[in-house]
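Remember, it's 1-based here, ligands and their atoms both numbered in the order they're listed.
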Amino acid sequence: MLLTRLINVLGVILISIHFIAPSIYYVMAMRWLRSDYGLRRITELDVDPSFVSIIIPTYNEARVIIQKLNNIYSQDYPRNRFEVIIVDSGSTDETIELIHEWVKNHKDVNVQVIRESARMGKAHALNTALRYAKGDIIMITDADSIWMSDSLKNAVSWLMNDNVGAVSCNKVPRTDKDIETEYRGYYGLLRVAESKRFSSAIFHGELAAYKRELLEKIGGFPTDVGADDSHTAGLISMMGYRAIIPEDVRCIEYVPSKGYWSWRVRRAQHLIQHFSRILRYMIFNGRSIPREYRQIMLYESYLHLINPWLFAAGLALIVISALHGSLISMALLLVGLALLAIRFFRTWVVTQVILIVAAIRNLWNKELVWKKIEK
Ligand code: GDP
Ligand code: MN
């Protein structure tokens, strides 16, 4: 009886921490959100703005590549001030043929196609492209994403600031899945809030721009962390530069309908790799990292690596005590079930489950080269 009671109390404590910790972070972040970036943004790009190398990694993107090229072509930015570098890793569909066809009809923009004979993952491909890139700004964009017409211009204008080392975009998901829209809504706010404070904990491959000299300092894109975008931004932030998601840089992301769950798990696996690596770095070299960034990353690492497990453990304890006849535990479980009717709560719980599955899956497969999921 006493033991059951104890198990019940412990379960309640774990679950409470699980919900209180992110609430505290959220309240803090909403305060940051009300401030500004603390950065001067250079809006008037001069007559000769920075030269940008736009890199598109492709693996079997025949369905979307033309749309992607048209989207870049219609950017509000002088066409002689950027180049497009497509790096393809042995696509087996018509990606390459379609690109060549497009290039023939668009002679006023410089497009290079680099082909790797074997597929060794996205980050490896990006490093290959980097060797050919001439720009001072390196901008990565996934084939299955769309920019607004001012995304390129706005991203460059933020990068003109000496303190900014990297810029990414606000994601607008194109999907009929409520759960994705809901999750993105909160996540997007956090990313902007963190950017205003110092740097976003997470970057997006739909548009991830870096100063070339900083990329060179960190030795190119990390090939042993799946989240090459977030991790590169992390390494740049740890050197003291801001890696921000400005409100006026936006992009549209396609969300898969078939294979949605394995897609979410794979992305969570990549984020877990990113946070574990940064956490390890902070433990050993903490002092050299800007204080604001340390604070963001301690919270975010906790939320992604530890907090989901408190939920699982707390839930298990409450179920055990319910099975041993604890009425309070049974009532709590019923309340929990009822709360699942609320979309926000459901979204939250689903995200915790995904993080747990992802952490376990990371033990045997890091998904550094992943299966293409149709969007
Ligand atoms: P998701 O957005 O996380 O689902 O990842 P995607 O599968 O869309 O991949 C992001 C981008 O990287 C897309 O443009 C892919 O075509 C590209 N990509 C993925 N794997 C490789 C690879 O091994 N080599 C190259 N060159 N590109 C890749
Ligand atoms: Mn994608």
Next item on the list: Please work out whether the ring planes of Trp102 and His106 are parallel, tilted or perpendicular, with thresholds of 30° and 60°.
Entry: parallel
Notebook entry, point to check: How far is atom 23 (O) of ligand 1 from its nearest protein heavy atom, and which residue and atom name does that atom have?
Noted result: Arg119 NE, 2.8 Å
Checklist line | Min heavy-atom dist Gly205 to ligand 1 below 4.0 Å | finding: no
Checklist line | Distance-only N or O hit between ligand 1 and Glu206, under 3.5 Å | finding: no
Margin query: For the 3.5 Å polar cut-off, considering only N or O atoms, please tell me whether Met120 and ligand 1 meet it.
Written below: no
Next item on the list: Give the ring-plane orientation class for Phe344 versus Tyr186, where under 30° counts as parallel, over 60° as perpendicular and anything between as tilted.
Entry: perpendicular
Checklist line | Non-hydrogen atoms of Ile140 and Pro57 that approach each other most closely | finding: CG2-CD, 4.4 Å
Note to self: Return the closest protein heavy atom for atom 25 (C) of ligand 1 as residue, atom name and distance.
What the structure shows: Ser89 OG, 3.1 Å
Notebook entry, point to check: Do the rings of Tyr25 and Tyr299 sit parallel, tilted or perpendicular, given the 30° and 60° boundaries?
Noted result: parallel
Checklist line | ligand 1 versus Arg266: contacting region, heavy-atom distance under 4.0 Å | finding: side chain
Margin query: Please report whether ligand 1 has a polar contact with Val87, defined as an N or O pair separated by less than 3.5 Å (distance criterion only).
Written below: yes
Notebook entry, point to check: Can you say whether the rings of Tyr37 and Trp158 are parallel (under 30°), tilted (30 to 60°) or perpendicular (over 60°)?
Noted result: tilted
Margin query: If you define the side chain from C-beta out and look only at heavy atoms, does anything of His304 sit under 4.5 Å from Leu355?
Written below: yes
Notebook entry, point to check: Considering only the protein, which heavy-atom contact is closest to atom 13 (C) of ligand 1, and what is its distance?
Noted result: Glu61 OE2, 3.3 Å
Check: So which heavy atom in the protein is nearest atom 1 (P) of ligand 1, and how far is it from that ligand atom?
Finding: Arg267 NH2, 3.3 Å
Checklist line | Step-by-step side-chain contact (heavy atoms from CB on, under 4.5 Å) determination, Arg81 to Ser50 | finding: CA-CA 7 Å; Arg81 298 308 296 161; Ser50 298; 5.9 Å; no
Notebook entry, point to check: Which residue and non-hydrogen atom of the protein lie closest to atom 17 (C) of ligand 1, and at what distance in Å?
Noted result: Pro57 O, 3.5 Å
Note to self: Do Leu339 and Val335 make a side-chain contact, defined as non-hydrogen atoms from C-beta onward lying under 4.5 Å apart?
What the structure shows: yes
Next item on the list: Would you confirm whether Lys196, through its side chain, and Ser35, through its main-chain N or O, come within 3.5 Å as a donor-acceptor pair?
Entry: yes
Next item on the list: Return the residue, atom name and 0.1 Å-rounded distance of the protein heavy atom closest to atom 7 (O) of ligand 1.
Entry: Trp370 NE1, 2.8 Å
Item checked: Listed protein N/O/S atoms, distance to the Mn ion (ligand 2) under 2.8 Å -> Asp144 OD1, Asp144 OD2
Item checked: Element-labelled atoms of ligand 1 that are located less than 4.0 Å from some non-hydrogen atom of Lys372 -> 7 (O), 8 (O)
Check: Quick one: which of Ser195, Ser230, Ser237 gives a side-chain contact (heavy atoms from CB on, under 4.5 Å) with Ser200?
Finding: Ser195
Next item on the list: Considering only non-hydrogen protein atoms, determine which one is nearest to atom 12 (O) of ligand 1 and report residue, atom name and distance to 0.1 Å.
Entry: Lys122 CD, 3.5 Å
Margin query: Using the salt bridge (charged side-chain N to carboxylate O under 4.0 Å, His left out) criterion, which residues pair with Glu116? Sequence neighbours excluded.
Written below: none
Checklist line | Cation-aromatic face contact Lys371/Trp263, 6.0 Å, 45 degrees | finding: no
Next item on the list: For Phe198 and Arg242, work out which heavy atoms get closest and say how close.
Entry: O-NE, 2.6 Å
Next item on the list: Before signing off on this row, confirm whether Ala143 and ligand 1 have an N or O atom pair separated by under 3.5 Å.
Entry: yes
Check: Which protein heavy atom lies closest to atom 28 (C) of ligand 1, and at what distance to 0.1 Å?
Finding: Tyr59 CB, 3.9 Å
Checklist line | Minimum heavy-atom distance between Ile356 and Ala312, given as atom pair plus value | finding: CD1-CB, 3.7 Å
Next item on the list: Could you list which atoms of ligand 1 come closer than 4.0 Å to a heavy atom of Asp144?
Entry: 8 (O)
